[in-house]
Amino acid sequence: MVRNRNIAARVGGWSARHRWWALLIWVAFVAGATLVGSAVGTAEMKSYESANGDSRAAGQILDGAGFVDPASEVVFVQSTDLTIDDPAFQRAIDDVKRSITATGLVDEITSPAPVTADKRTTLIQFTMKGDADTAADRVKPLLDAVDGVQARHPDLRVEQAGGASADKLIGEAIDEDFVRAEQLSLPITLGILLAAFGAILAAIIPVALALTAIAAATGLLALTSQFLAVDAATTNVMLLIGLAVGVDYSLFYIMREREERAKGRGKQRAIEIAAGTSGRAVLISGITVIVAMAGMFLTGNGIFMGFAEGTILVVLTAVVGSLTALPALLSLIGDKIDARAFHGTVRVLTRGRVTWRRILGVRGGESRVWGAILRPVLRHPIVSVVIAGGLMIALAVPGLSLKPGPQTIDELQGDYKIAETFKAIDRAFPGGNEPAVVVVKNPDTAAIERLKQRALASGHFNEPFTVDVNPRGDVARISIGIKGTGTDAVSENAIHELRDTIIPATLPGAHVTGSTAGSMDFNDQMSATRPLVFGFVLLLAFVLLLVSFRSLVVAVKAILLNLLSVAAAYGVLVLVFQWGYGESVIGFESTGTITDWLPMFLFVILFGLSMDYHVFILSRIREAYDKGMRTEDAVAHGIRSTAGVVTSAALIMVAVFAVFATLSLLTFMQMGVGLAAAILIDATIVRAVLLPATMRLLGEWNWYLPRWLDWLPTLSHGDDDEDELPAPRKEPALV
């Protein structure tokens, strides 16, 4: 068999030899992508593109129908003592109407106003002038006017709510959250890198490279979004993933280059070896992550497809930057990257009693701390597998009770007045869930009347029943009050009755949308596509690992261990966010559900990211094995020699993801905790215990490859030169 040249080594070697050209190309690429992206602008998907099934069809018709919908707002007025008949209450209502009208932004105030049975609460409903799409930008004078009424009537509760005010206040809160997350993520990442390297340059370079990769990927997203529009949250997800993987890839690379320099290698030779080993691991890891992300395209859901588009671009640019710009920078800076300003200061202040090697327990590139953990694991592999596997299974069991749910106003955590206003309105006027919306082309008045009679007679629906026709007169939008909470079985049965029985008998060809129908269609789509996504990700990851390591056992075991990590993450999510353990620690109020789109997203992301450490460690183990070590010794060497970088890389990912647990939206809290917990579990229990213990038990069977697969190429895991890669010793054939 002919040994194939390592493409990562070739690219890294060229970049190191032609460092100025490599850096110039990278800078030009980043600048060009950013400028072009800024000029083009990112195309955000239309509302119907995030829907599925019948809801998407209805939304698409409405999008082209030309309906002009005004921005509707309400002012909530409530008293604990007074009723609406009391003069003080009436003065407050008059003050509200007078104050909002004085802004010049009110088009119409609806009359009569709804009043609760005890007459202590009412809603003043009004519509704003102008385009509803820009209402959020113009609503502040109205909010200020209502706040003024509240100040003049302190004995009553006077608050505004509605689409425009929610978009403004909640949007501002979310924007502030992400700014704070970015401000926290960068210094935390720099701090961990500074502690890992003890050198300012070595800490700055990975962050700078990750940020430039994110900038370039964001520019590329603007271009690709012209063909596949994305959700507004896509760039936030790109920041989360890009910072984590971009820094980790640089960390893998720089650590190996520093290790080789410490062995006395020349600068160029050290970079070449780092390119051929860690660079190759980065390439395989990146491809695996990209393959996993591509699985989201199979969901057929616009949000997931946009996430796939963005994350693939940011991982791809991070890989390219690590393989090209990073070796060029290392060649340019040389040993100056290792100027230990931080560790040297600690050593001076403690008079040499505290050094980084003592803190980390590293001698000769191998970790004493992880070595101490590894010895009993390899000595008692069965016990280790039973204990660690049992712990992982115990963590995964709660995941069987995972209950998905749609995003509601309860998503917004923290002291946000408008969220409390919406909840107060729901308490005062229960059953105000969004209606079912029937969309029909070329409407017939008599048929619509039959629909109304049949729907109200079914017992599943109630008033109000409203009909709007677009200006062209060719599309009707029919709103029907729906019984139930909007998310329970009563509401879902109503949608089934409407679609399966009532519409075919009265308005054949009509489509149904709305909050309840949209959630049902989304869940149906996920149920239908979940096997495709899982099968695609697992199969391609298996093939990639099989080709990379020429081992059937390694590929199967990697898949199983990654699935175990994902299952444990699901269990942690259920324990924390569904069952409420940790509410007081994190600071949230459980809704009893996990956001419906999150489990699929976490599977894809976690499966891809978990491969980072697995591929990196396995590459080091295989490199040692190919150089003649026994499997047991190669496992011990691979774990110990990668422990420092894996620990640092995991800390960075955990820190970045954990920052997202501080955001105000419960979905992002769940995402942050799920990702952080999974990476922490994966880098400790799985990689430090289960991986070496299972490899110790399997022995030479780890490298088993059926003879009928012997045609697979042999890819090197070390340097291609014979002096660096002696011929491996003969092993008994396994058949």
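- No side-chain donor from either of T110 and Q125 sits under 3.5 Å from a side-chain acceptor of the other.
- Under a 3.5 Å cut-off, the side chain of Q90 and the backbone N or O of I84 do form a donor-acceptor pair.
- Side-chain atoms of Q525 come within 3.5 Å of backbone atoms of T299 as a donor-acceptor pair (strictly under, hydrogens ignored).
- Contact record, A222 with V40: O-CG1, 3.9 Å, taken as the closest heavy-atom pair.
- Between F422 and A166 the shortest heavy-atom distance is CE1-CB, 3.9 Å.
- Formation of a donor-acceptor pair under 3.5 Å by the N52 side chain with backbone atoms of G300 is found in this model.
- Side-chain contact between L402 and P599: present, with at least one pair of heavy atoms (C-beta onward) separated by less than 4.5 Å.
- Judged by distance alone, the side chain of S479 and the main-chain N or O of F465 form no donor-acceptor pair under 3.5 Å.
- When every heavy atom of D167 is checked against every heavy atom of A136, the shortest pair comes out as CB-CB, 3.8 Å.
- Put simply, the side chain of R120 gets close to the backbone of D81: a donor and an acceptor are under 3.5 Å apart.
- Looking at D144 and K140, a side-chain N of the basic residue comes within less than 4.0 Å of a carboxylate O on the acidic one, giving a salt bridge.
- Counting heavy atoms from C-beta on, the side chains of D155 and S79 never come closer than 4.5 Å.
- Between the side chains of R138 and T134, at least one donor N or O sits under 3.5 Å from an acceptor N or O.
- Residue pairs meeting the side chain to side chain donor-acceptor pair (under 3.5 Å) criterion with at least one partner in residues 224-236, sequence neighbours excluded, are T224-E309.
- Side-chain atoms of T595 never come within 3.5 Å of backbone atoms of W597 as a donor-acceptor pair (strictly under, hydrogens ignored).
- Although no hydrogens or angles enter the test, the distance criterion places a donor-acceptor pair under 3.5 Å between the side chain of S50 and the main chain of S47.
- Counting heavy atoms from C-beta outward, F297 and F307 have side chains that stay 4.5 Å or more apart.
- Judged by distance alone, with hydrogens and angles left aside, the side-chain atoms of N470 form no donor-acceptor pair with the main-chain N or O of G66 at under 3.5 Å.
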If you look only at distance, which donor and acceptor atoms sit under 3.5 Å apart when one is on a side chain in residues 56-64 and the other is two or more places apart or in another chain?
from: R56; atom 1: NH1; to: E49; atom 2: O; distance (Å): 2.9
from: D63; atom 1: OD2; to: K46; atom 2: NZ; distance (Å): 3.3

Distance-only check: which donor-acceptor pairs under 3.5 Å involve side-chain atoms of residues 572-582, not counting sequence neighbours?
from: Q578; atom 1: OE1; to: K403; atom 2: N; distance (Å): 2.8
from: Q578; atom 1: NE2; to: S401; atom 2: O; distance (Å): 2.6

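- Under the salt bridge (Lys or Arg N to Asp or Glu O under 4.0 Å) criterion, K97 pairs with no residue at all, not counting sequence neighbours.
- Not a single salt bridge (Lys or Arg N to Asp or Glu O under 4.0 Å) links D596 to another residue, sequence neighbours left out.
- Taking the side chain as every heavy atom from C-beta outward, M305 and L228 approach each other to under 4.5 Å.
- Residues I502 and H460 fail the side-chain proximity criterion, which asks for heavy atoms closer than 4.5 Å.
- Using modelled atom types, no side-chain atom of R450 and backbone atom of A505 make a donor-acceptor pair closer than 3.5 Å.
- Each of V467, T506, V469 was compared with I448 under the side chain to side chain contact (heavy atoms under 4.5 Å, CB included) criterion, and only V467 meets it.
- D107 pairs by the salt bridge (Lys or Arg N to Asp or Glu O under 4.0 Å) definition with nothing, not counting sequence neighbours.
- The aromatic ring centroids of F534 and F603 lie less than 6.0 Å from each other.
- Note on ring orientation: taking the six-membered ring where Trp is involved, the planes of F660 and F668 are tilted (angle from 30° to 60°).
- With a 4.5 Å cut-off on side-chain heavy atoms, I478 and L507 count as touching.
- Side chains of F601 and I303 form no contact here, defined as non-hydrogen atoms less than 4.5 Å apart.
- At least one test fails for R157 against the ring of F76: distance under 6.0 Å to the centre or angle within 45° of the axis.
- For the residue pair E73 / Q160, a side-chain donor-acceptor distance below 3.5 Å is found, with atom types taken as modelled.
- Salt bridge D474/K441: absent, no basic N to carboxylate O contact under 4.0 Å.
- When side chains are defined from C-beta on, P508 does not count as touching I503, because their heavy atoms never get closer than 4.5 Å.
- One finds no salt bridge joining D86 and K119 here, because no Lys/Arg side-chain nitrogen approaches an Asp/Glu carboxylate oxygen to under 4.0 Å.
- The structure places NZ of K483 at 6.0 Å from CG of N462, a figure rounded to the nearest 0.5 Å.
- At distances below 3.5 Å, not a single donor-acceptor pair connects side-chain atoms of D95 with backbone N or O atoms of R91.
- Closest approach of A308 to T311, counting heavy atoms only: O-OG1, 3.3 Å.
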